[in-house]
Amino acid sequence: MTESAGTGDGPRRDWPPLDAPKASCLYPWCTRRLKFRTEGSGRQPLFCGRAHRDLYGRERRSLERQLAAARAGGQSTAISMLEWKLLRYPTLRVPPGSDGS
């Protein structure tokens with residue numbers, strides 16, 4: 001069964017089933033899909049390639065710097081917008097004690 005998420009006026013996006021062995025690249029502007037690896041070892045891919053991994057890190061650090069400056073200057077609108085943008089760039093650190101080594 002395919003789940004869908006409509007956004008009113010925008011295009012309809014059909015979501016794969018939750019148990020599908022694919023996921024999106026974590027770079028917010030990428031639409032490429034990644035396949036869950038069942039053979040081999042190591043971490044599963046989070047990005048479609050090195051370029052998007054690097055861009056992700058660079059853009060996340062830039063947003064964090066801008067947020068720190070906005071907080072220092074008390075710019076409430078800028079703070080809200082930057083926090084909203086940062087939601088698309090979650091921390092990629094593996095929590096201690098999890099099996100993500």
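Since this is a predicted model, take the numbers as computed values, not measurements.
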Worksheet entry | Verdict with supporting geometry, L92 and L26, side chain to side chain contact (heavy atoms under 4.5 Å, CB included) | CA-CA 10 Å; L92 299 178; L26 285 183; 3.7 Å; yes

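- Looking at every heavy atom in both residues, Y89 comes nearest to P28 through CZ-CG, 3.5 Å.
- Between E59 and R88, no side-chain nitrogen of the basic residue sits less than 4.0 Å from a carboxylate oxygen of the acidic one, so the salt-bridge criterion is not met.
- Between L67 and E83, the shortest heavy-atom contact is CD1-CG, 4.0 Å.
- The ring of Y27 has its center closer than 6.0 angstrom to the ring center of H52.
- Between M81 atom CE and S76 atom OG the span is 12.0 Å, to the nearest 0.5 Å.
- No side-chain heavy atom of L34 sits under 4.5 Å from any side-chain heavy atom of K22.
- Ion pairing between a basic and an acidic side chain is recognised when a charged N comes within 4.0 Å of a carboxylate O; D54 and R58 show no such pairing.
- Under 3.5 Å, the side chains of S24 and R33 contain a donor-acceptor pair of N or O atoms.
- Here SG of C25 is found 9.0 Å from CZ of R53. Values are rounded to the nearest 0.5 Å.
- For the pair R32 (side chain) and C48 (backbone), a donor-acceptor distance under 3.5 Å is absent.
- The distance from the CG atom of L63 to the CG atom of L86 is 5.0 Å, given to the nearest 0.5 Å.
- In this structure a side-chain-to-backbone donor-acceptor pair under 3.5 Å is present from Q44 to R37.
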